[in-house]
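Values in this document were obtained by computation on a predicted structure and should not be read as measured data. For the single chain, residues carry numbers from 1 onward in sequence order.
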Amino acid sequence: MLRTRLSQITRNFVTSAVRQGGHDHGGIPGGNIPFDITNRYKLTALFIVFFGSGLGAPFMVLRHQLLKK
């Protein structure tokens, strides 16, 4: 009895929190992210630039330091 009531309260709280979230994307996957995921080639290019810049930055800093006079 108590377990059923507790699960109902939890379910109602989660449902109301989702409804009041302020984001009305209609349940569309990827509707709440700040970039477009419909064009797979553009998304791939963005991922390569994003992760490539993070992985390449230490090497560019090292090159800069070694070439400094």
Listing, residues 54-67 side-chain donor-acceptor contacts under 3.5 Å, not counting sequence neighbours, or none:
{"from": "Gln65", "atom 1": "OE1", "to": "Lys68", "atom 2": "NZ", "distance (Å)": "3.4"}

Taking ILVMFWY side chains as joined if any heavy atoms are under 4.5 angstrom apart, and letting links pass through other members, which residues group with Val49?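 Direct or chained contacts put Val49 with none.
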
I'd like to check the ring pair (Phe, Tyr, Trp, His ring centres under 6.0 Å) partners of Phe47; sequence neighbours left out, ordered by chain and number.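 Applying ring pair (Phe, Tyr, Trp, His ring centres under 6.0 Å) to Phe47 gives Phe51.
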
Tell me every residue that passes side-chain contact (heavy atoms from CB on, under 4.5 Å) with Leu46, counting only those two or more places apart in sequence or in another chain.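 With sequence neighbours excluded, Leu46 shows a side-chain contact (heavy atoms from CB on, under 4.5 Å) to Lys42, given in chain and number order.
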
Would you please name every residue forming a side-chain contact (heavy atoms from CB on, under 4.5 Å) with Arg5, sequence neighbours left out?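 side-chain contact (heavy atoms from CB on, under 4.5 Å) check on Arg5 returns Gln8, Ile9.
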
Connected via hydrophobic side-chain network under 4.5 Å: Leu43 and Ile33: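 Result: yes, single cluster for both.
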
Going by side chain to side chain donor-acceptor pair (under 3.5 Å), name the residues that satisfy it together with Asp36, two or more places apart in sequence or in a different chain.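 Asp36 satisfies side chain to side chain donor-acceptor pair (under 3.5 Å) with Thr38 once adjacent residues are dropped.
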
